[in-house]
2 protein chains.
Amino acid sequence: MGETRWLDDGEQQTWRAFLTAVNLLDGALDRQLRHDSGLPHAYYQILAMLSEAPGRELTMTRLARLLRSSPSRLSHAAARLEGEGMIRRFKRPDDRRTTIVEITPEGMKALESAAPGHVHEVRRVLFDTLSSEQVGQLREISESMLSALDPQGEEPRYPDPDGARYQD
Amino acid sequence: MGETRWLDDGEQQTWRAFLTAVNLLDGALDRQLRHDSGLPHAYYQILAMLSEAPGRELTMTRLARLLRSSPSRLSHAAARLEGEGMIRRFKRPDDRRTTIVEITPEGMKALESAAPGHVHEVRRVLFDTLSSEQVGQLREISESMLSALDPQGEEPRYPDPDGARYQD
DNA sequence: CAGAAATACTTGAGCGTTCAATTGTGTTGT
DNA sequence: ACAACACAATTGAACGCTCAAGTATTTCTG
């Protein structure tokens, strides 16, 4: 293996600033959501993703892929959310390995009530801090990273966009 | 409180891409570090920050501020790192509330051996995926977020830059 | 100078995430 | 048909982080 190519000053500073910003950012997001609605950000994302799905249901595997979550993590999360009545799980009859997760009306209510505060916080910590030019740049930067880090990554995109918009 | 201003399509897509990219990115980083050196990323950062400090020591409070860590988190981390012999803690004689943390030679060794793989990974997941123009943009974007989210934030910047560069 | 407040740090409980192992079910190859 | 394999999901232990509470020590204030 060759010599390590260390980060130069500019890279170092970029890296530090980026790391710090991201840390603060998702600390703020998680704190706001937990405080105002009792949901960790990851759990909010689960509900949000389900709310958009056709029939408001998805298989565990597909949901995990969409959220870039490990199956295990999703399974633990689903156990908690099911215990709180926000989702429901049942085996698919024609392939009994598969579990289908469905968001319940209760889950939808929790999501609807959490969404405004969350979106407000997303604006506060991200969009309000950037010019619209920077927002465009950030999008391209994020997509560059994504295509390098997760070439196979799935996106939702359903034929019928019926559901509400509590995405994040 | 007024009507919620929802994210428009562009904002939504930016936000999703950003969130996903960041998630994958620090998953990759943490996994690489843990696998190759047994250190979580946050612990690596502690050692890195100490290694750069004058005398390779800092107070707990100052270290926590530099890393944007809660005192509690740092205290737990320090307990583990001390148990592994990577740092040493002692009370400052003239203000016995204050604890000084010092990185040990063992800690330096661990850091030195972890650094090349880590830097390589940082390149792989971040710098290699971006054009140099994008790197510049990312830096400004990160600094915008920082100045909005953490106006008081401290930076290291010591008068005498003697230490090695295992920063991140 | 005593009491109150501020500062520095630590502790323990609770929780989400990870990793490795496990269970149950379907698919393939011979 | 049956063994081997692949796939979907779950489980439990380990661990780091958060939050609230607690202990020392120092500084401020009347």
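Chain naming here is simple, since letters A, B, ... match the order of the sequence lines and numbering starts at 1 in each. Just so it is clear, the model here is predicted, and its values are computed rather than measured.
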N/O donor-acceptor pair under 3.5 Å between A:Arg68 side chain and A:Glu154 backbone: yes
Pair of N/O donor and acceptor under 3.5 Å linking D:dG16 base with B:His41 side chain: no
Out of C:dT18, D:dC7, C:dA6, whichever nucleotide has its closest atom nearest the side chain of A:Arg97: D:dC7
Ring geometry between B:Trp15 and A:His118 (parallel below 30°, tilted from 30 to 60°, perpendicular above 60°): tilted
Same apolar cluster: B:Ile87 and B:Met108, side chain cutoff 4.5 Å: yes
d(CD, A:Gln32; C1', D:dT18) in whole Å: 16 Å
Among C:dT10, D:dT11, D:dA8, the nucleotide that comes nearest once only the side chain of B:Pro71 is considered: C:dT10
Length of the CG-P vector between A:Leu39 and C:dG16, whole Å: 10 Å
Most 5' of A:Arg31 and A:Thr98 on DNA chain D, judged by nearest nucleotide: A:Thr98
Distance in angstrom units between A:Ile46 CD1 and C:dG16 P, rounded: 10 Å
Phosphate contact (C:dT17 OP1 or OP2) by A:Arg73 side-chain N/O below 4.0 Å: yes
Distance test, side-chain N/O of A:Arg34 to OP1/OP2 of D:dC19, below 4.0 Å: no
Path from B:Met60 to B:Ile100 over hydrophobic side-chain contacts below 4.5 Å: no
Non-hydrogen side-chain atoms of B:Val125 and B:Gln32 separated by less than 4.5 Å: no
Among C:dG24, C:dC19, D:dT11, the nucleotide that comes nearest once only the side chain of A:Ser75 is considered: D:dT11
Sugar-phosphate, base or nothing in reach of A:Arg89, heavy atoms under 4.0 Å: sugar-phosphate
Under 3.5 Å donor-acceptor, B:Thr104 side chain and B:Gly85 backbone: yes
Interatomic distance where CZ belongs to B:Phe90 and C1' belongs to D:dT25 [whole Å]: 18 Å
Length of the NZ-C1' vector between A:Lys91 and D:dC7, whole Å: 12 Å
Candidates C:dT17, C:dT25, D:dC17 - which lies nearest the side chain of B:Ala42: D:dC17
Distance test, side-chain N/O of B:Arg96 to OP1/OP2 of D:dT25, below 4.0 Å: yes
Residue whose nearest DNA chain C nucleotide is more 5′ - A:Ala77 or A:Asp95: A:Ala77
Whole-Å distance separating the CG atom of B:Asp30 from the P atom of C:dG16: 19 Å
Phosphate OP1/OP2 of C:dG16: any A:Arg80 side-chain N/O under 4.0 Å: yes
Separation of atom CG in B:Asn23 from atom C1' in C:dT17, rounded to whole Å: 12 Å
B:Ser72, nearest nucleotide to its side chain (from C:dG12, C:dT17, C:dT25): C:dG12
Between D:dA14 (P) and B:Tyr43 (OH): distance, integer Å: 16 Å
